[in-house]
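Each residue takes its place number in the sequence, starting with 1. Atoms considered below: every heavy atom in the structure, side chains included; atoms not considered: hydrogens, waters and symmetry mates. Being a predicted model, the structure only gives us computed values, none of them experimental.
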Amino acid sequence: MTHAPQATALYERREGYIPRVAAIHDLCGYGKCSLGVAIPVLSAAGCDVCPVPTGLFSSHTAFPGWYMHDTTDILSDYLAAWQGIGVELDAVYSGFLGAPEQVDIIKQVWDTYPDALRVVDPVMADHGKVYPTYTTELVAAMGTLADGADILTPNLTEAAIILGREWEGADVDGETVRSIMGALRERGAKNVVLKGIEHGDGLIHNYVWGDSVDFTETTNAKLPYMLHGTGDVFASTLLAAVMAGRDLACATAFAADFTADAMVVSAKQPDFEARGVSFEPLLGKVTALLG
């Protein structure tokens with residue numbers, strides 16, 4: 001792991017204060033991901049998590065026969081009710097979306113809470129393929145949301161889609177990494193965390209670069225299996241570390257280590273490759289950020 005020589009915390013945690021985070025993600029009944037990850041992880045970091053469900057899923061979409069209910073029609077009234085009771089937010093964290101109209105709703109939340117940290121995990125694709133619920137219109141709208149992020153956390157597929165580039169696979173060289181991250185910053189993202197890169201060396205590389213941190217790399221051993229929901233675990237633990245007052249380089253390293261450790265725990269569970277990431281026994285590590 002290489003730390004950047006200069007890094008500035010994006011959130012200053014005040015002693016005794018519990019920050020409030022709007023988590024704008026889908027809610028999945030089985031297969032741990034999205035709000036099922038964000039709520040416990042951020043709560044373990046001493047945050048007041050306010051969920052905004054962008055869709056209701058019976059299970060994640062790797063299972064056959066999944067059911068989805070799009071919540072777009074209720075979100076404007078849902079969020080207007082928050083304003084009516086004076087809800088304040090310290091961060092707005094968005095992930096999986098159900099319709100392009102939800103992007104406009106998130107931008108309205110940004111306008112309502114201009115001082116809140118904007119964290120965008122553009123959950124829409126992986127391994128060169130767009131998720132089955134995403135339309136061309138939703139993919140394009142997600143790109144405009146990414147442009148306004150204080151922290152943007154794409155994988156290589158999502159970054160390529162946002163930039164209108166062809167996906168070159170997970171094994172790319174350092175020059176390509178810098179080119180992708182630089183282009184995302186030029187579009188407007190203030191800080192970019194590019195995750196899940198392979199260089200053929202048996203490691204998973206994550207990179208961070210932005211206004212608050214110099215170009216930094218973290219590495220973890222590549223495990224011989226893939227799990228659904230690791231991106232949600234990574235983004236949620238990264239934000240948990242940021243809300244605990246860590247700079248983005250430290251937060252990225254923490255998120256990468258936590259995700260890798262959770263994958264090891266997961267492999268000890270029955271049917272682990274289907275059920276998702278078993279992070280629960282490790283939540284004490286997140287709480288320890290407050291120490």
Side-chain angles (χ1 to χ4, degrees), residues 1-25 34-52 79 81-95 106 109-121 148-153 189-193 195 206 208-214 216 218 232-262 279-291:
M1 181 191 344
T2 303
H3 288 289
Q6 294 183 346
T8 303
L10 293 173
Y11 182 77
E12 184 177 350
R13 185 68 174 254
R14 305 195 304 272
E15 185 176 357
Y17 176 71
I18 297 176
R20 187 171 291 126
V21 178
I24 309 176
H25 292 252
S34 50
L35 286 175
V37 173
I39 293 173
V41 168
L42 288 166
S43 296
C47 295
D48 178 3
V49 187
C50 303
V52 182
L79 292 165
W82 283 10
Q83 295 178 50
I85 58 175
V87 172
E88 295 295 334
L89 298 175
D90 298 287
V92 179
Y93 167 33
S94 61
I106 292 172
V109 176
W110 287 356
D111 291 341
T112 303
Y113 304 97
D115 296 327
L117 191 67
R118 302 175 180 180
V119 182
V120 177
D121 186 16
D150 291 319
I151 304 173
L152 178 66
T153 63
K190 293 181 180 177
N191 299 278
V192 178
V193 179
K195 59 196 181 187
N206 299 287
V208 54
W209 189 19
D211 295 353
S212 72
V213 60
D214 292 341
T216 308
T218 70
D232 294 330
V233 172
F234 182 95
S236 296
T237 50
L238 183 146
L239 179 55
V242 167
M243 299 309 291
R246 301 301 192 273
D247 66 63
L248 196 52
C250 290
T252 300
F254 176 81
D257 289 345
F258 185 92
T259 304
D261 291 345
F279 59 86
E280 295 89 347
L282 304 176
L283 286 174
K285 293 186 177 184
V286 180
T287 302
L289 292 168
L290 302 176

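- Side chain to side chain, Thr153 and Asp121 meet the donor-acceptor criterion of an N or O pair below 3.5 Å.
- Judged by distance alone, the side chain of Asp150 and the main-chain N or O of Val119 form no donor-acceptor pair under 3.5 Å.
- A side-chain donor-acceptor contact under 3.5 Å links Thr237 to the backbone of Phe234.
- Around atom CG of Leu290, more than 12 heavy atoms belonging to other residues, nucleotides or ligands sit under 6.0 Å away.
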Fill in: Worked verdict on Arg118 versus Val92 for side-chain contact (heavy atoms from CB on, under 4.5 Å)
CA-CA 5 Å; Arg118 302 175 180 180; Val92 179; 5.5 Å; no

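- For the pair Tyr113 (side chain) and Val87 (backbone), a donor-acceptor distance under 3.5 Å is present.
- A pairwise comparison of heavy atoms in Pro19 and Gly46 identifies CD-O, 3.6 Å as the closest pair.
- Between the side chains of Asn191 and Ser212, at least one donor-acceptor pair of N or O atoms lies under 3.5 Å.
- The closest donor-acceptor contact from the side chain of Arg13 to the backbone of Gly245 lies at 3.5 Å or more, if one exists at all.
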Item to complete: Any chance you could lay out the side-chain contact (heavy atoms from CB on, under 4.5 Å) test for Tyr93 and Leu42, step after step, and finish with the verdict?
Response: CA-CA 11 Å; Tyr93 167 33; Leu42 288 166; 4.0 Å; yes

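- Looking at Asp257 and Lys285, no side-chain N of the basic residue comes within less than 4.0 Å of a carboxylate O on the acidic one, giving no salt bridge.
- Judged by distance alone, the side chain of Arg246 and the main-chain N or O of Phe254 form no donor-acceptor pair under 3.5 Å.
- Partner of Ile151 under the side chain to side chain contact (heavy atoms under 4.5 Å, CB included) criterion, chosen from Thr252, Val208, Leu10: Leu10.
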